[in-house]
Amino acid sequence: MAYHLSQEARAGLTEFRIPNDFNKLFEYQRAAVKIAAHHLNKRGGVVIGDVVGLGKTLMATALARIFEDDHGVETLIICPKNLARMWNDYAQTYHMRGFKVLPITQVQRELPDLRRFRLVLIDESHNLRNREGRRYRAIAEYIAANDSRVILLSATPYNKTYLDLSNQLRLFIDEQ
């Protein structure tokens, strides 16, 4: 049973190659990135949730680069304003060719007229736990209109209720 349950994870380990400039990743992180790439490719989205300081940013950057290299997509990075400089530095350091960093405070103003990005990376995605909010709606509409894949990063994807996580997942999983 364990063999069959782990089949999808094993497929991800052989399906994707991590670019050489990510030699700072530990082996367990490399495996997690490959498995996440499989889920992102198959399901249109993935959540990277881990405690602070364990490398979510580096792992997400590697994941975005895989999709840039393999599928030619460009990445829109939505993050809190105080993290915008860090994301610009990561994107440049790890040679992302097509990216835009957009502070979450600007999504309502900029997303309606923004060109198409096929990959949307959202840092601190727990800030989107309320699907009735204007920022949430602006981001959800952009993702749907552009058929974008989604990477969600959060140290706290679940805060108060299971709806917190559910609403984040709805950014890439259709309601049924």
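Note that the coordinates shown come from a computational prediction; the quantities given were computed from them, not determined experimentally.
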Test of understanding: with side-chain contact (heavy atoms from CB on, under 4.5 Å), list the residues that count as partners of D147, not counting sequence neighbours.
R116, R118
Name all residues meeting the side-chain hydrogen bond (donor to acceptor under 3.5 Å, both in side chains) criterion together with N41; count only those two or more places apart in sequence or in a different chain, and write none if there are none.
R149
Hey, what do you get for CD1 (I35) to NE2 (H38), rounding to the nearest 0.5 Å?
9.5 Å
So, S154 side chain and S125 main chain: donor-acceptor pair closer than 3.5 Å or not?
no
What distance do I122 atom CD1 and R135 atom CZ have between them, rounded to the nearest 0.5 Å?
12.5 Å
Going by heavy atoms in the side chains, are L121 and F99 under 4.5 Å from each other?
no
d(N127 CG, I139 CD1) to nearest 0.5 Å is 9.0 Å
Hey, could you give me the NE2/CG distance between H39 and L63, rounded to the nearest 0.5 Å?
11.0 Å
Taking the side chain as everything from C-beta on, heavy atoms only, tell me whether V46 gets closer than 4.5 Å to F172.
no
What closest approach, in Å, do I104 and P80 show between heavy atoms, and which atom pair accounts for it?
CG2-CA, 4.2 Å
CG/L128 to NE2/H126 distance, rounded to the nearest 0.5 angstrom?
9.0 Å
N/O donor to acceptor pairs below 3.5 angstrom from side-chain atoms of residues 70-77, sequence neighbours left out:
| residue | atom | partner | partner atom | Å |
| --- | --- | --- | --- | --- |
| E74 | OE1 | R115 | NH1 | 2.5 |
| E74 | OE1 | R115 | NH2 | 2.9 |

Who are the side-chain contact (heavy atoms from CB on, under 4.5 Å) partners of R97, not counting sequence neighbours?
E68, D69
Going by atom type alone, with no hydrogens or angles, which donor-acceptor pairs under 3.5 Å involve a side-chain atom of residues 17-24 and a protein atom two or more places apart or on another chain?
| residue | atom | partner | partner atom | Å |
| --- | --- | --- | --- | --- |
| D21 | OD1 | R65 | NH1 | 3.4 |
| D21 | OD2 | R65 | NH1 | 2.9 |

A60 and W87 have their tightest heavy-atom pair at CB-CH2, 4.1 Å
How close do G55 and Q29 get, heavy atom to heavy atom, and via which atoms?
CA-NE2, 3.8 Å
Sidechain-backbone polar pair: Y142 side chain, V107 backbone, donor-acceptor under 3.5 Å:
no
For the residue pair L119 and L40, establish whether any side-chain heavy-atom pair is separated by less than 4.5 Å.
yes
Are I151 and I48 side-chain neighbours, meaning at least one heavy-atom pair lies under 4.5 Å?
yes
Distance-minimising heavy-atom pair for C79 and V101
SG-CG1, 3.9 Å
Nearest-0.5 Å distance, OH of residue Y90 to CG of residue D123
10.5 Å
Does the plane of the ring in F26 sit parallel, tilted or perpendicular to the ring in Y28? Use 30° and 60° as the thresholds.
parallel
For D89, the side-chain contact (heavy atoms from CB on, under 4.5 Å) test, sequence neighbours excluded, returns R85
